[in-house]
2 protein chains.
Amino acid sequence: MRASERAYTALREDIIEWRLLPGTVLAEVEQSERLGVSRTPLREALGRLTAEGLTTAGGRGVVVTDISLEDIDELFELREILEGKAAALAAVRGDPSIFTRLQHELLRAPELLSGEDPARHDYYALVNQLDDALDAAITNSYLAQAMRSLRVHLVRVRRLASDDVARLCAAAAEHAAIAEAIAAGNSRLAEAATTVHLHRSLSHIKATHREENHG
Amino acid sequence: MRASERAYTALREDIIEWRLLPGTVLAEVEQSERLGVSRTPLREALGRLTAEGLTTAGGRGVVVTDISLEDIDELFELREILEGKAAALAAVRGDPSIFTRLQHELLRAPELLSGEDPARHDYYALVNQLDDALDAAITNSYLAQAMRSLRVHLVRVRRLASDDVARLCAAAAEHAAIAEAIAAGNSRLAEAATTVHLHRSLSHIKATHREENHG
DNA sequence: ATGGAAGACAGTGTATACAGAGAAGGTGAT
DNA sequence: ATCACCTTCTCTGTATACACTGTCTTCCAT
């Protein structure tokens, strides 16, 4: 694996997992020594992170981007636009059998969550399958690219919320509803189901965020 | 100005103006010598171009991205999603007086086009003002960023179409209609006017593109 | 004549050295 | 004591040298 790739992956993980907090300055010599790569591949990694919006190159050095509550609102506003339309397009263009299968698997998600995996690996893999199926069904690389770039920030926000089993079960049911609507070819229902899901996710995130601030 | 910035700007111009055609391989040594910069800043420029989608880093070297007719359809599909919603949001959140002023200036656009500027500089500056006003009005940096990244590709496509005065006058009238709807606070009308405008633009581009292929 | 292997070459990926700019701290003068 | 200026240091931006990988060509053997 290339050194720049390693540096990029490591820094991205550190930012998403909130080990590198917003406002942290990523000095080139410091980070290159920490990650065991030279400055050149590190600069490439920082460039990619800045292009994704995880860092900003304003003035002196590269700084980890902050995510405020207003940012989360804006993030979900765009998410609703993109994913709502994507679900509608998938309902028209997608292969129903794929989404029917995903719907049934999502309805069995509570079984996955009762397992002892603290990282909920199987659960998130299943949700990623739905995302991938959406990307493939819409047959629009620009839209898919826009959604991919948003998901990076979303994962970062998600780490702020408490992933309790109750919410994840509810989210799986909402995902199943989206898959069902797509499989049925009902674009308006698919878009509506996506809107509902995103609003519930946002409410959950905000609620847990408020709790943390008051705790 | 930094060398990497110069290289980025020059390459970007060359790609947008179709001086570097799709499929061209941008070898590092070759381009660094041509642009008079070292390989290091050139690599940074290529990285930014690749992040924007103007080039791809697949396998051997960096290659200028191709734009097919299907790509244009996908591009405008996403554009309609983003700009339609942006117009609707601007109608709710924007300052009406700004868009009223832009509406009136756009209605006088035919005067600008009757001038002898072959680059239509004043005209495009006015259209850019509308884009900037939209960006500011929506108060959503993620949506604004998504639209900005699309506009790069749009400018590239626009260079394919013949910018005849008739079409530009019609486009100005359509822009004025969008501004009017935003100023009136009518979000549904603003979105509809945007949809109409984009469909007409797309039809025009496709028509001229067909002509060129048959000519 | 054809296939395979080896060497040369081209081109990227990485490291390091050097230069310039900006900030911080200290010192002198008022 | 405070302010201004100068020095110095640290950091980024750039250039260049080196290494490695993949490919193409050529030569030898069958």
In whole angstroms, the gap separating C1' of D:dC20 from CD of B:E28 amounts to 14 Å
Taken to the nearest whole Å, CZ/B:R2 to P/D:dC11 is 18 Å
From the list A:L134, A:L143, A:T139, side-chain contact (heavy atoms from CB on, under 4.5 Å) with A:L89 holds only for A:L143
Expected list for residues 34-47 of chain B near DNA chain C, using heavy atoms below 4.0 Å, is B:R39, B:R43
Rounded to whole Å, the CE-P distance (A:M1 to C:dT14) equals 11 Å
Separation of C:dA10 atom P from B:Q31 atom CD, nearest Å, is 18 Å
Per atom distances to the A:A27 side chain, the nearest of D:dT12, C:dT12, D:dT14 is D:dT12
When rounded to whole Å, the CG to C1' distance for the pair A:L26 and D:dC11 reads 14 Å
Taken to the nearest whole Å, CD/B:E33 to P/C:dG11 is 11 Å
*Are the side chains of B:D164 and B:R167 in touch, meaning some heavy atoms are under 4.5 Å apart?*
yes
In this structure, CZ of A:R79 is separated from OG1 of A:T194 (nearest 0.5 Å) by 9.5 Å
task: Please state whether the phosphate of D:dG13, meaning OP1 or OP2, lies under 4.0 angstrom from any side-chain nitrogen or oxygen of B:S4.
output: no
Pair A:E74-B:S141, side-chain donor/acceptor within less than 3.5 Å = yes
task = For A:S38 and A:S32, test the side chains for any donor-to-acceptor distance below 3.5 angstrom and give the result as yes or no.
result = no
Check your understanding: Passes ring pair (Phe, Tyr, Trp, His ring centres under 6.0 Å), A:Y142 versus B:H153? Steps please.
Key -> CA-CA 10 Å; A:Y142 293 95; B:H153 297 276; 5.5 Å; yes
